[in-house]
Amino acid sequence: RRAAILAAAGEVFAQLGLARATLRDVAEAAGVPKSVVLYYFGDREQLIGELLESVLTPLLDAQREAVDAVGDPRDQLRSWLDVQFDSAAGLGAMRLHMQVAVEGAPEGARKRLRRYDRDASSLLSGLLERGHRDYCWQSPDAQASTVAVRALVDGMRLACIKEGWDADIDGLRNVCRRAVLDLLVRM
């Protein structure tokens, strides 16, 4: 039931936004009484925090696996980029990420989002640093490169979200891949 409530919460927050969605909306979407939602999650803030955790943790784990799976930094970067556009679930995580950042959310959710951003940036920064060290690209400032790459990726993922789940994700992923590699070579 807990997983079904989290899934329903993700759908409700995507449709109504964080500010408008209520626990009653989530309960109705999950087909359970509001008291069941309260039993599992305590309050709205905890529900949002656990939903965020449930989508960001697997996304970060997938990024780590992609970077660790292959040895060459160029291949690692390709794998990392593939994870960003892997599925509707990844794009759903991005939608929730943006909702928390833009609409505001309880402090616990914002804190979790900052932790995810720090961890994801650190992972990417290490990858970009290795690529520079191994002469794969020229960008000597890994932190600046990380900000630029994440901005490109986030923009492309927002385009996917805007276009809907049936957008040409493969096409957008390829455009993003070319843009990121071009950026790194030119920096």
Side-chain angles (χ1 to χ4, degrees), residues 1-67 69 79-124 150-173 175-176:
R1 279 183 134 175
R2 182 181 193 80
I5 294 169
L6 281 173
E11 292 174 18
V12 168
F13 291 136
Q15 289 174 353
L16 301 177
L18 289 175
R20 286 188 31 222
T22 66
L23 287 179
R24 184 174 313 282
D25 295 326
V26 172
E28 287 175 10
V32 299
K34 181 179 171 185
S35 60
V36 172
V37 175
L38 290 170
Y39 172 78
Y40 282 108
F41 298 100
D43 60 18
R44 188 174 181 279
E45 182 173 337
Q46 189 173 343
L47 174 63
I48 292 171
E50 290 195 36
L51 177 61
L52 197 56
E53 187 75 29
S54 75
V55 296
L56 293 180
T57 297
L59 184 60
L60 188 58
D61 290 345
Q63 290 174 24
R64 285 186 180 120
E65 287 174 22
V67 168
S79 295
W80 181 87
L81 284 166
D82 287 345
V83 167
Q84 307 309 309
F85 297 92
D86 191 32
S87 66
L91 295 174
M94 179 61 178
R95 178 187 297 259
L96 184 60
H97 181 283
M98 289 298 153
Q99 284 178 311
V100 169
V102 173
E103 293 182 37
E107 179 56 32
R110 289 194 316 268
K111 188 175 183 179
R112 174 61 184 107
L113 186 61
R114 286 190 299 269
R115 189 171 63 239
Y116 165 80
D117 283 338
R118 184 190 65 238
D119 293 347
S121 291
S122 176
L123 178 69
L124 179 59
R150 288 203 60 201
L152 275 170
V153 170
D154 288 350
M156 289 304 243
R157 290 194 305 184
L158 283 173
C160 287
I161 291 168
K162 181 181 172 195
E163 295 299 319
W165 304 125
D166 58 349
D168 180 14
I169 293 174
D170 289 332
L172 290 170
R173 175 191 358 233
V175 168
C176 188

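The chain is numbered in sequence order, starting from 1. Just so it is clear, the structure is predicted and the values come from calculations on it, not from any experiment.
Inter-residue side-chain proximity for V67 and R64 is flagged as unmet; no heavy-atom pair is nearer than 4.5 Å. Looking at L59 and Y116, their side chains come closer than 4.5 Å, going by heavy atoms from C-beta outward. When side chains are defined from C-beta on, F41 does not count as touching L23, because their heavy atoms never get closer than 4.5 Å. Counting only heavy atoms from C-beta outward, the side chains of Q63 and Q84 approach each other to under 4.5 Å. Looking only at side-chain heavy atoms (C-beta outward), V153 and W80 come within less than 4.5 Å of each other.
For the atom pair CD (E53) and CG (L113), the distance works out to 11.5 Å, reported to the nearest 0.5 Å. Rounding to the nearest 0.5 Å places CD of E11 at 6.5 Å from CD of Q15. Taking CG of L56 as the reference point, atom CG of L96 lies at 7.0 Å (rounded to 0.5 Å). Once rounded to the nearest 0.5 Å, the distance linking OG1 of T57 with CG of L52 reads 8.5 Å.
Side-chain N or O atoms of S54 include one that pairs as donor or acceptor with a backbone N or O of L51 at under 3.5 Å. Judged by distance alone, with hydrogens and angles left aside, the side-chain atoms of D154 form no donor-acceptor pair with the main-chain N or O of A151 at under 3.5 Å.
Taking Y40 as the reference, nothing meets the side chain to side chain donor-acceptor pair (under 3.5 Å) condition, with sequence neighbours excluded.
Annotation for L81 and C176: closest pair CD2-SG, 4.3 Å, computed over non-hydrogen atoms. A29 approaches V12 most closely through the heavy-atom pair CB-CG2, 3.5 Å. Counting all heavy atoms, side chain and backbone alike, E45 lies closest to P106 at CG-CB, 3.0 Å. Between D25 and R20, the shortest heavy-atom distance links the atoms OD2-O, 3.9 Å.
In this structure, E50 pairs ionically with R2, as a charged nitrogen and a carboxylate oxygen lie closer than 4.0 Å.
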Please evaluate residues S122 and D119 with respect to the criterion side chain to side chain donor-acceptor pair (under 3.5 Å), reporting the C-alpha separation (whole Å), side-chain torsions for both, the decisive distance (0.1 Å), and the verdict. CA-CA 5 Å; S122 176; D119 293 347; over 6 Å; no
Salt bridge (charged side-chain N to carboxylate O under 4.0 Å, His left out) between D117 and R114, worked out: CA-CA 5 Å; D117 283 338; R114 286 190 299 269; over 6 Å; no
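Inspection of the S79 and D82 side chains reveals no N or O donor paired with an N or O acceptor under 3.5 Å.
The number of heavy atoms from other shown groups lying within 6.0 Å of CZ (R24) does not exceed 12.
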